[in-house]
Amino acid sequence: MQKKPKPEKKEALPHIPLKTRRQLHKKILTWYARNARDLPWRKTKDPYAILVSEFMLQQTQVERVKPYYLAWLSQWPTITCLSRERPANVLRAWSGLGYNARALRLLQTAKRIVQEHNNKIPHNKEDLQRLPGIGAYTASAILAFAYNKPEPVIDTNIRRVLIHECSLPHTISAQDLATVAKQLIPKGRSRDWHNALMDYGATVLTSKTTNIPPTTKQPSFEGSTRQARGAIIRHLLSKGAVKLSREGFETTSKELAKQLQIAPERVAAALESLHNDGIIVFRKNQITLPD
DNA sequence: ATCCGGCGCT
DNA sequence: AGCGCCGGAT
């Protein structure tokens, strides 16, 4: 009948013994020493370069990001340089990566860092998460990969590896998993550790080799708004602008639809959503990419 | 035809 | 809490 100093209601949090942690470190880091992928953003510790890579990697496979990442850094080697660029050119460099709104968020974040943080990418999660396009995941990734901070980075690959290797319940909450993940980071090796976990998850413990919960289904691309959005952006990148008909928005949609070979109502919907995302602007006489 | 995934908005 | 956003691989 000892009285506990702290009555913990839910102490189901798995604690990983030191020995188990060390075994896992050895297993993963030894594997990584022989099998690490050679990725361009791993050759640098420049926080800006890491920031760029993280924005791109949010949504795209590693192999497709590689050439975009290299071209981007060669076009805008510093955050100051990027911060002065026009949105249309940023969208052009992004074109083909997908999720165009994020190219603009990256530009906005660059401007904010130059204006408010003296050109320095923040070192703490709170400041990072206040920047557009940076959520919990990307903030953690920047802290770990740019600054080697002991901040748990948990994408779906790493989540799968941790659940598998530590025999955690598939239903574990994000918060509990983060608590476990933090204990597991080897001292002073956050960067290597997370790179290793990602590679291990991407090449060994793939979703196929493990039994992981069902995935959500993607609506078909054919006939979707995003298909129309993509066509409109490419059109604007090549033509510069679309003339706004005096007869109104509907007529404009119709004319554009004819050129793009897409149903007018879908073009109209796409224009509205692009406008909503700030990717296009309506001027007096024309539709253009933003300044 | 289906899969991949972090962020922001509602 | 759930949805929409991207384009290329398979």
Side-chain angles (χ1 to χ4, degrees), chain A residues 41 50-69 90-109 112 125-145 151-161 163 171 173-175 177-178 181 194 197-199 201-203 205-237 260 262 266-280 289:
Chain A
W41 44 90
I50 304 292
L51 175 79
V52 171
S53 76
E54 287 304 331
F55 264 78
M56 291 180 171
L57 288 164
Q58 277 170 11
Q59 65 227 22
T60 312
Q61 298 97 312
V62 160
E63 285 307 315
R64 196 140 42 98
V65 164
K66 280 182 185 172
Y68 283 85
Y69 168 85
V90 166
L91 285 168
R92 191 180 309 280
W94 195 269
S95 181
L97 270 181
Y99 296 104
N100 298 289
R102 298 184 182 207
L104 298 183
R105 291 185 191 133
L106 176 52
L107 175 60
Q108 283 308 310
T109 280
R112 288 263 301 270
K125 210 170 170 184
E126 298 70 34
D127 285 347
L128 283 168
Q129 282 201 242
R130 287 191 193 102
L131 297 166
I134 299 185
Y137 171 81
T138 303
S140 301
I142 290 168
L143 293 176
F145 295 129
E151 181 70 32
V153 181
I154 306 175
D155 68 352
T156 53
N157 275 322
I158 293 184
R159 177 187 167 90
R160 198 169 56 243
V161 171
I163 287 175
T171 53
S173 72
Q175 191 167 17
L177 186 59
H194 289 106
L197 286 176
M198 283 187 171
D199 284 8
T203 62
L205 288 184
T206 64
S207 51
K208 298 208 168 173
T209 64
T210 60
N211 262 347
I212 239 64
T215 57
T216 61
K217 267 196 179 170
Q218 180 179 39
S220 75
F221 178 68
E222 201 54 40
S224 65
T225 302
R226 65 187 175 93
Q227 182 186 36
R229 284 171 57 116
I232 291 167
I233 304 237
R234 283 189 295 277
H235 184 81
L236 283 173
L237 283 172
L260 300 177
I262 294 175
R266 288 180 47 219
V267 170
L271 285 172
E272 288 189 46
S273 77
L274 284 168
H275 181 249
N276 195 256
D277 287 348
I279 298 174
I280 62 173
L289 297 169

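By convention in this document, chain letters (A, B, ...) are assigned in the order of the sequence lines, proteins followed by strands, and residues within each chain are numbered from 1. The structure displayed is predicted, hence computed values, not measured ones.
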K.L.:
A:Glu54: which residues meet the salt bridge (charged side-chain N to carboxylate O under 4.0 Å, His left out) condition with it, sequence neighbours left out?
P.N.:
none
K.L.:
Which parts of residues 132-144 of chain A get close to DNA chain B, meaning a heavy atom less than 4.0 angstrom away?
P.N.:
A:Pro132, A:Gly133, A:Ile134, A:Gly135, A:Ala136, A:Tyr137, A:Thr138
K.L.:
Any pair with a residue in residues 267-278 of chain A that passes salt bridge (Lys or Arg N to Asp or Glu O under 4.0 Å), sequence neighbours left out, goes on the list, sorted by first then second residue, please.
P.N.:
A:Arg229-A:Asp277
K.L.:
Output all residues satisfying salt bridge (charged side-chain N to carboxylate O under 4.0 Å, His left out) with A:Asp199, sequence neighbours left out; order by chain, then residue number.
P.N.:
A:Arg37, A:Arg42
K.L.:
Run the ring pair (Phe, Tyr, Trp, His ring centres under 6.0 Å) test against A:Tyr69 and tell me which residues pass, sequence neighbours left out.
P.N.:
A:Trp41
K.L.:
How many whole angstroms separate atom CD of A:Glu63 from atom C1' of C:dA9?
P.N.:
12 Å
K.L.:
Distances under 3.5 Å only, N/O to N/O: pair up the protein atoms with those of nucleotides 3-5 of chain C.
P.N.:
from, atom 1, to, atom 2, distance (Å)
C:dC5, O3', A:Arg229, NH2, 3.3

K.L.:
If I take atom CG in residue A:Leu106 and atom P in nucleotide B:dG8, what distance separates them, rounded to the nearest angstrom?
P.N.:
12 Å
K.L.:
Regarding A:Gln61 and A:Arg64, is there a side-chain donor-to-acceptor distance under 3.5 Å anywhere?
P.N.:
yes
K.L.:
Can you tell me how far P of B:dG8 sits from CD of A:Gln108, to the nearest Å?
P.N.:
12 Å
K.L.:
Please work out if A:Glu222 contacts a base, only the sugar-phosphate, or nothing of the nucleic acid, heavy-atom cut-off 4.0 Å.
P.N.:
nothing
K.L.:
Heavy-atom distance under 4.5 Å between the side chains of A:Leu106 and A:Val90, does that happen here?
P.N.:
no
K.L.:
Considering residues at least two apart in sequence or located in another chain, which fulfil the salt bridge (charged side-chain N to carboxylate O under 4.0 Å, His left out) criterion with A:Glu63?
P.N.:
A:Lys66
K.L.:
Nearest-Å distance, CZ (A:Phe221) to C1' (C:dA9)?
P.N.:
14 Å
K.L.:
Nearest whole Å is fine: how far is B:dG8 C1' from A:Arg130 CZ?
P.N.:
17 Å
K.L.:
Below 3.5 Å, can you tabulate the donor-acceptor pairs from side chains in residues 135-144 of chain A to any protein atom, sequence neighbours excluded?
P.N.:
from, atom 1, to, atom 2, distance (Å)
A:Thr138, OG1, A:Gln58, NE2, 2.8
A:Ser140, OG, A:Lys125, NZ, 3.3
A:Ser140, OG, A:Ala136, O, 3.0

K.L.:
Ring pair (Phe, Tyr, Trp, His ring centres under 6.0 Å) with A:His235: which residues, sequence neighbours excluded?
P.N.:
none
K.L.:
Whole angstrom is fine here: how far is it from CD in A:Gln58 over to C1' in C:dG7?
P.N.:
16 Å
K.L.:
Starting from C1' on B:dC7, measure out to CG on A:Leu104 and report it in whole angstrom.
P.N.:
14 Å
K.L.:
Let me know the distance between CG of A:Leu97 and C1' of B:dC7, rounded to the nearest Å.
P.N.:
16 Å
K.L.:
Hey, which sits more toward the 5' end of DNA chain B by its nearest nucleotide, A:Gln129 or A:Asn157?
P.N.:
A:Asn157
